[in-house]
Engineer: 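Right, I'll just put the structure down here and ask away after.
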Amino acid sequence: MDLTSLKTALLVRDLGSFAAVARLQDLDASSVSRVIAQLEQEVGFRLFQRSTRSLAPTGEGELYLNRIAPLVEELESAGEEARTTAVSPRGTLRMTASISFVQECLMPLLPEFRDRYPEVDIELLASDANLDLRAEGIDLAVRFGSMPKGDWIVTRLMTTSYRVVASPGYLEKNGPLSHPDDLSERDCIRFAIPGFRTYWQFLREGKTEPFSVPVSGATVISNALSIRSAARYGMGVALLPIMLVQRDLENGTLVDLFPDHACAAATFETAAWILYPSRSYLPQKVRVMIDFLKEKIS
């Protein structure tokens, strides 16, 4: 029984359609259908109940697929572990991160990574959505915020800090702000994520109790790079990671409004996290990327 066919059947179970698996594997849907039909002939029963609108495992299929899933993973791991004892890291590494992290942090580092590991191909999914690692076949993700929950292996990449900023032109037109409470009367550029668009958190230097300030504004944006652009153009006040505004603060394009306060969105307990699907053996291509990111970014 072909291991590739078993992997395809597990993907069909996870993604729920032949077409989705075909897109992921760059195949025709008919090819995926033929693989499943051949596998069903070999095992002697139908794995999936098909209709024009849906596809779902049969009772026998669900039992069979649940039993073989850990075995398939173990076979893949054993083969990869054996191969990596004799060769350098290789293969395609599928990873995802936010658009701003990819643009500002990762892209400047990728040439060096490719020089170190020329046999590792990078398939990079830059997205501000939290993609499903298993459904999308993703090996590695970088996520920002509170520690991710779920059946993942999670390790901290770096702590994160934020600044509240505005352009000199905005301040000249609208006047300075003397205290974070003044934000409730200003037009704030807000991030389109629950918890980031209604209150911002502050902690004054030397104090131990943080306080919240309600914020509002006419502009809500789903991408941090676009929020930074809006702030540069004087559209309002923005809360942004310091990694995105450090150069702006240094060259005067943006102004740190509250340098004597720590700032955050929903909570101060945030960081950048590396996560990957739990498995008994970590592929070498994933391990070298994790080590590289920690070396260069942490």
Engineer: Closest heavy-atom contact between Ile189 and Met235?
Structural biologist: CD1-C, 4.0 Å
Engineer: Does any donor atom in the side chain of Thr253 or Asn251 lie under 3.5 Å from an acceptor atom in the other side chain?
Structural biologist: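 Looking only at side-chain atoms, Asn251 and Thr253 do form a donor-acceptor pair, the distance falling under 3.5 Å.
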Engineer: Would you compute the distance between atom OG of Ser33 and atom CZ of Arg50 and round it to the nearest 0.5 angstrom?
Structural biologist: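 With rounding to 0.5 Å, OG (Ser33) is 6.0 Å from CZ (Arg50).
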Engineer: How about CD on Glu250, more than 12 heavy atoms from neighbouring residues, nucleotides or ligands closer than 6.0 Å, or not?
Structural biologist: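 Enclosed: over 12 neighbouring heavy atoms sit under 6.0 Å from CD of Glu250.
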Engineer: Hey, does Leu171 have a side-chain heavy atom less than 4.5 Å from the side chain of Leu257?
Structural biologist: yes
Engineer: With a cut-off of 6.0 Å (strictly less than), are more than 12 heavy atoms of other residues, nucleotides or ligands near OH of Tyr233?
Structural biologist: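 For Tyr233, atom OH is not crowded (no more than 12 foreign heavy atoms under 6.0 Å).
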Engineer: Mind checking what makes salt bridge (charged side-chain N to carboxylate O under 4.0 Å, His left out) contact with Arg287, not counting sequence neighbours?
Structural biologist: Asp291
Engineer: In Å, rounded to the nearest 0.5 Å, how long is the span from CZ of Phe101 to CG of Leu244?
Structural biologist: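 Between Phe101 CZ and Leu244 CG, I get 10.5 Å after rounding to 0.5 Å.
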Engineer: Membership question, hydrophobic clusters at under 4.5 Å side-chain separation (ILVMFWY): are Phe268 and Phe211 in the same one?
Structural biologist: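 In one cluster with Phe211: Phe268, no.
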Engineer: Restricting to salt bridge (charged side-chain N to carboxylate O under 4.0 Å, His left out), what partner residues turn up for Lys296, sequence neighbours left out?
Structural biologist: Glu112
Engineer: Could you tell me whether Arg116 atom CZ has more than 12 heavy atoms of other residues or ligands within 6.0 Å of it?
Structural biologist: yes
Engineer: Would you name the heavy atoms of Thr267 and Ser146 that are closest together and state the gap between them?
Structural biologist: CG2-OG, 3.6 Å
Engineer: Does one hydrophobic cluster hold both Leu225 and Leu109, with members joined at side-chain heavy-atom distances below 4.5 Å?
Structural biologist: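 Same hydrophobic cluster.
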Engineer: Hey, what do you get for CZ (Arg232) to CD1 (Ile227), rounding to the nearest 0.5 Å?
Structural biologist: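 Answer rounded to 0.5 Å: 13.0 Å.
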Engineer: Do Leu71 and Leu39 share a hydrophobic cluster, counting only Ile, Leu, Val, Met, Phe, Trp and Tyr and linking them when any side-chain heavy atoms are less than 4.5 Å apart?
Structural biologist: no
Engineer: Go through Phe144 and Asp128 one step at a time and tell me if the side chain to side chain contact (heavy atoms under 4.5 Å, CB included) criterion holds.
Structural biologist: CA-CA 10 Å; Phe144 285 79; Asp128 289 326; over 6 Å; no
Engineer: Could you go through Ile122 and Met289, starting from their C-alpha distance and side-chain angles, then the distance that decides it, and tell me whether this counts as side chain to side chain contact (heavy atoms under 4.5 Å, CB included)?
Structural biologist: CA-CA 10 Å; Ile122 305 294; Met289 176 58 83; 3.9 Å; yes
Engineer: Side-chain heavy atoms under 4.5 angstrom apart, residues restricted to Ile, Leu, Val, Met, Phe, Trp, Tyr: same cluster for Leu24 and Leu3?
Structural biologist: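 Same cluster.
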Engineer: Of all the heavy-atom pairs spanning Asn174 and Arg186, show the shortest one and how long it is.
Structural biologist: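 Nearest pair, atom of Asn174 first, then Arg186: O-NH2, 3.2 Å.
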Engineer: Is the CD atom of Glu269 crowded by more than 12 outside heavy atoms at less than 6.0 Å?
Structural biologist: no
Engineer: Between Phe45 and Tyr64, does the ring centre distance come in under 6.0 Å?
Structural biologist: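 Yes, the ring centres sit under 6.0 Å apart.
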Engineer: With heavy-atom distances below 4.5 Å as the criterion, would you say the side chains of Gln38 and Val35 are in contact?
Structural biologist: no
Engineer: Taking all non-hydrogen atoms of both residues, which atom of Ala218 and which atom of Asp187 are closest, and how far apart?
Structural biologist: N-OD1, 2.9 Å
Engineer: Please tell me if the side chains of Thr160 and Pro241 come closer than 4.5 Å, counting only heavy atoms from C-beta onward.
Structural biologist: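 A side-chain contact under 4.5 Å is absent here.
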Engineer: Does Arg94 use its side chain to pair, donor to acceptor, with the backbone of Gly137 at less than 3.5 Å?
Structural biologist: yes
Engineer: Could you tell me the separation between the CG atom of Leu254 and the CG atom of Asp248, rounded to the nearest 0.5 Å?
Structural biologist: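 So the gap between those two atoms works out to 4.5 Å.
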Engineer: Do Phe258 and Arg204 touch side chain to side chain, with heavy atoms closer than 4.5 Å?
Structural biologist: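 No, every pair of side-chain atoms sits at 4.5 Å or beyond.
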Engineer: With a 4.5 Å heavy-atom cut-off, do Tyr162 and Val245 have their side chains touching?
Structural biologist: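 They are not in contact (no side-chain heavy atoms under 4.5 Å apart), so the answer is no.
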Engineer: Going through the distances and angles, do Ser127 and Thr96 end up as a side-chain hydrogen bond (donor to acceptor under 3.5 Å, both in side chains)?
Structural biologist: CA-CA 7 Å; Ser127 174; Thr96 184; 5.5 Å; no
Engineer: With a 3.5 Å distance limit and no angle check, can you tell me whether Glu205 reaches the backbone of Asp260 through a side-chain donor-acceptor pair?
Structural biologist: no
Engineer: Considering all heavy atoms of both residues, which atom of Ser167 and which atom of Ala231 are nearest to each other, and what is their separation?
Structural biologist: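 Closest approach of Ser167 to Ala231: CB-O, 3.3 Å.
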Engineer: Can you list the steps and then say if Tyr276 with Met95 is a side chain to side chain contact (heavy atoms under 4.5 Å, CB included)?
Structural biologist: CA-CA 9 Å; Tyr276 49 93; Met95 64 180 297; over 6 Å; no
Engineer: Looking at Ala224, is its backbone amide N or carbonyl O close enough to the side chain of Ser100 to form a donor-acceptor pair, meaning the two atoms are under 3.5 Å apart?
Structural biologist: no
Engineer: What pair of heavy atoms forms the shortest contact from Phe191 to Asn223, and how long is it?
Structural biologist: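 Heavy atoms of Phe191 and Asn223 come nearest at CE1-N, 3.6 Å.
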Engineer: With a 4.5 Å limit on heavy-atom distance, are the side chains of Ile297 and Leu106 in contact?
Structural biologist: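 Not in contact.
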Engineer: How far does NE2 of His261 sit from CG of Leu203, to the nearest 0.5 angstrom?
Structural biologist: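 Rounded to the nearest 0.5 Å, the NE2-CG separation comes out at 8.0 Å.
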Engineer: Can you check whether Met107 reaches Val102 side chain to side chain, under 4.5 Å on heavy atoms?
Structural biologist: yes
Engineer: Can you list the steps and then say if Gln25 with Lys7 is a side chain to side chain contact (heavy atoms under 4.5 Å, CB included)?
Structural biologist: CA-CA 11 Å; Gln25 297 186 331; Lys7 289 169 58 179; 5.8 Å; no
Engineer: So Tyr170 and Val255, do their side chains get closer than 4.5 Å, heavy atoms only?
Structural biologist: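 Of all side-chain heavy-atom pairs linking Tyr170 with Val255, none is under 4.5 Å.
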Engineer: For the CD1 atom of Ile274 and the CG atom of Leu157, what is their distance to the nearest 0.5 Å?
Structural biologist: 4.5 Å
Engineer: Establish whether Met158 and Leu293 are linked, either directly or via other cluster members, by ILVMFWY side-chain heavy-atom contacts under 4.5 Å.
Structural biologist: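 The answer is yes; both residues are in one hydrophobic cluster.
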